[in-house]
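One structure below.
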Amino acid sequence: MDIKFYNSLSNSVELFKPLHEGKVSMYVCGPTVYNYPHIGNMRPVVVFDTLRRFLTYVGYDVTYVSNFTDVDDKIINESIKENKTEKELTEFYIDQFKKTSAEIGSLLPNVTPKVTEYIKAIITYIQKLVELEAAYVVDGDVYFRVSKIQDYGSLSGININDLLVGARVEENIKKESPLDFALWKRTSIGVNWDSPWGKGRPGWHTECCVMIDTIFPDHFIDIHGGGYDLKFPHHENEIAQAEAMHHNKIARYWLHNAFINFGNEKMSKSVGNVILAKDLIEKYGGPTCRLVILNTHYRQPVNFTDETISAATQEVNKMTSAYRQIALQLQINNVDINQGKPEYIEKFLLAMADDLNTANALAELYVTIKDANQNLRNKEINLQKLTNLFKTLTDMFYILGLNITYKKLSDDDKLLYKKYLSTKADKQFDVSDKLRSILMEKEIL
RNA sequence: GGUUCCUUAGCCAAGUUGGUAAGGCAAUUGACUGCAACUCAAUGAGCAUCGGUUCAAAUCCGGUAGGAACCUCCA
């Protein structure tokens, strides 16, 4: 199957060819952990988890790495505010992030490195950059020398001269050029480490490079993902460091997800319209929140509104209901529930392979649901067909990360259901209604 | 100011190697039904606007209007 991705490096859709046959290496920039994740943080978590599930399903051996930034000014400030150590603070929010990610249906990446575990490697990496004259030391700080890199700005299409003219470039007289960025910051406040340049802590842009360098032996990976806003400067700076170190752009394919808006306005900490993911998930459920995200292509903005949420709620109910009814029929008839061959999955996978077109993939899921409902209405039930549809739905739910479940029936459950049917047939509605509510409580109906 | 992008039915949304618009939600009508829920069927747009290229454009080119993001910590 041909898989295509929109590569931000070329601004075009490209055929995916992994570096090693049958294997995929991918890295996604993770969060800075100083607060509960907001719903916007969940977009890359959902998008790249779905990508990983899809690649795994079609047979790739995927190594998925996503980091936690647990060293940062904001963390230091927040821990002072909360009167905790940085470690206490970050450990708590890392757990929260993992919990929320799981609730929205995302699997844990294979590796989730933290900056604090990589300080030694980061120092070594920076030392090498200094030796290569791609970095310079000023007064305990280390800066990257952007002028060393020929095509700096190639990812975001930013012209260096425009940047230099722009009024918003910070002034820092220590730096040779305003474009140069900090690799190591001298500091006495907050957590810090000894280094050849004195006490300090690493800058943000180096950690991803070092983690990729350490975890992936090629020093080059297939897919690098992250939010659109990370393109500049973060990813540009990652590329600059890798160019200096290895003469490569770190990753073959650069994928960027768009944002989640609320009421057509970007959610951001400075605007103050941040909605915490855990609150939304608690209110509407993980699958519904995930479906709102997957309903739109990952490069388009998603707008969370009452209407989009309620549409997704309806759909999740529809999927759940059909799935449970099939499971019920198969189990009542003592059919092996896992014996089916998937139908409709071909077109589903083709949509996914087309730059992760989840909207079109979902259309195939709805076709499957409709087929299932039509079959369930038939007086004579085709068990083989239902088994196939069950397998289809199971696989699609898996790939999309929609945590929709069915109840495994005990013998008692089966008896209960049969009794429900027989009392209903005998028009003992007071009895059958009670049985029905029990069955619904047990999530069998 | 620079860069990138968007505008498709009430709402969400897919669709660019050009050939007469997927899907979902809501709505209306009908079917099923002891009741409830669920479910099934049928019904709607010529693609912001103006102009160009073409046998043919939502899809290519140009103008106009409106909107967004990045250039500053942010997914």
Side-chain angles (χ1 to χ4, degrees), chain A residues 8 11 13 28-32 34-35 37-48 66 69 72-74 77 153 156-170 179 204 225-234 236 256-261 264-271 274 277 291-292 294-315 317-318 320-322 324-325 347 351 354 357-367 369-378 424-425 427-430 432-433 436-437 440 445:
Chain A
S8 296
N11 281 325
V13 176
V28 174
C29 293
T32 302
Y34 65 102
N35 203 338
H38 61 258
I39 189 65
N41 288 312
M42 289 298 112
R43 186 127 195 223
V45 169
V46 167
V47 165
F48 293 106
S66 189
T69 301
D72 182 271
D73 281 342
K74 292 178 297 253
N77 292 338
S156 45
I158 277 171
N159 181 308
I160 292 182
N161 293 326
D162 293 339
L163 269 186
L164 291 173
V165 170
R168 291 166 116 177
V169 173
E170 63 178 305
L179 291 175
W204 175 38
Y228 212 79
D229 58 337
L230 295 183
K231 250 176 143 179
F232 186 90
H234 183 55
E236 208 70 76
H256 291 98
N257 63 272
F259 292 92
I260 291 176
N261 298 326
N264 253 330
E265 199 173 40
K266 182 192 169 185
M267 213 172 12
S268 74
K269 284 157 196 167
S270 47
V271 178
V274 172
L291 191 62
V292 173
L294 292 178
N295 190 40
T296 303
H297 187 91
Y298 75 91
R299 286 190 282 112
Q300 298 294 335
V302 166
N303 206 1
F304 264 71
T305 64
D306 289 344
E307 273 182 309
T308 55
I309 292 171
S310 105
T313 304
Q314 289 305 318
E315 274 316 308
N317 288 342
K318 204 167 168 177
T320 308
S321 150
R324 287 194 180 152
Q325 282 185 65
K347 281 179 80 177
D354 180 18
N357 194 328
T358 48
N360 279 339
L362 280 168
E364 286 309 303
L365 173 55
Y366 298 138
V367 169
I369 296 284
K370 183 164 283 190
D371 195 359
N373 280 326
Q374 285 169 342
N375 272 277
L376 286 164
R377 285 192 111 236
N378 289 342
K424 197 168 75 153
K427 304 207 175 181
Q428 299 173 27
F429 295 124
D430 50 336
S432 70
D433 282 359
R436 179 171 65 189
S437 55
M440 288 174 87
L445 275 184

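Remember, it's a predicted structure, so these values are computed and weren't measured experimentally. Residue numbers start from 1 in every chain, and the chains themselves are labelled A, B, ... in the order their sequence lines are given, proteins ahead of strands. Computed from heavy atoms alone, side chains included, the values below leave out hydrogens, waters and symmetry copies.
- In terms of phosphate contacts, A:Asn317 brings no side-chain nitrogen or oxygen within less than 4.0 Å of OP1 or OP2 of B:rC38.
- Judged purely by distance below 3.5 Å, without hydrogens or angles, the side chains of A:Asn375 and A:Asp371 pair a donor atom with an acceptor atom.
- The base of B:rC35 sits with one of its N or O atoms less than 3.5 Å from a complementary donor or acceptor on the side chain of A:Arg436.
- Side-chain contact, A:Thr313 with A:Ser310: no donor N or O sits under 3.5 Å from an acceptor N or O.
- Summarising the geometry, the separation between CZ on A:Phe232 and C1' on B:rC73 is reported as 14 Å, rounded to the nearest angstrom.
- Nearest-nucleotide positions on RNA chain B place A:Val302 closer to the 5' end than the other of A:Val302 and A:Asp430.
- Positionally, the nearest nucleotide of RNA chain B for A:Ser156 lies more toward the 5' end than for the other of A:Leu362 and A:Ser156.
- In this structure B:rG30 sits in a base pair with B:rC40, meeting the Watson-Crick or G-U test at under 3.5 Å.
- Applying the Watson-Crick and G-U wobble criteria (two distances, each under 3.5 Å), B:rC5 pairs with B:rG67.
- A:Asn373 places its CG atom 12 Å from the P atom of B:rC38, with the value rounded to the nearest Å.
- Using a 5.5 Å limit on the distance between ring centres and a 30° limit on the angle between planes, the aromatic ring of A:Phe429 counts as stacked on the six-membered base ring of B:rG34.
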Please list, pair by pair, any protein nitrogen or oxygen found under 3.5 Å from a nitrogen or oxygen in nucleotides 7-11 of chain B.
from   : atom 1 : to       : atom 2 : distance (Å)
B:rC11 : O2'    : A:Glu307 : OE1    : 3.2

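- In this structure, A:Asn360 does not reach the B:rA14 phosphate: none of its side-chain N or O atoms is under 4.0 Å from OP1 or OP2.
- An OP1 or OP2 oxygen of B:rG24 is reached within less than 4.0 angstrom by a side-chain nitrogen or oxygen of A:Lys370.
- Among B:rC32, B:rG15, B:rA75, the nucleotide with an atom closest to any side-chain atom of A:Asn357 is B:rG15.
- Across all strands shown, B:rU17 forms no Watson-Crick or G-U wobble pair with both distances under 3.5 Å.
- For the pair A:Asn295 and B:rC12, the criterion of a side-chain N or O lying under 4.0 Å from OP1 or OP2 is not met.
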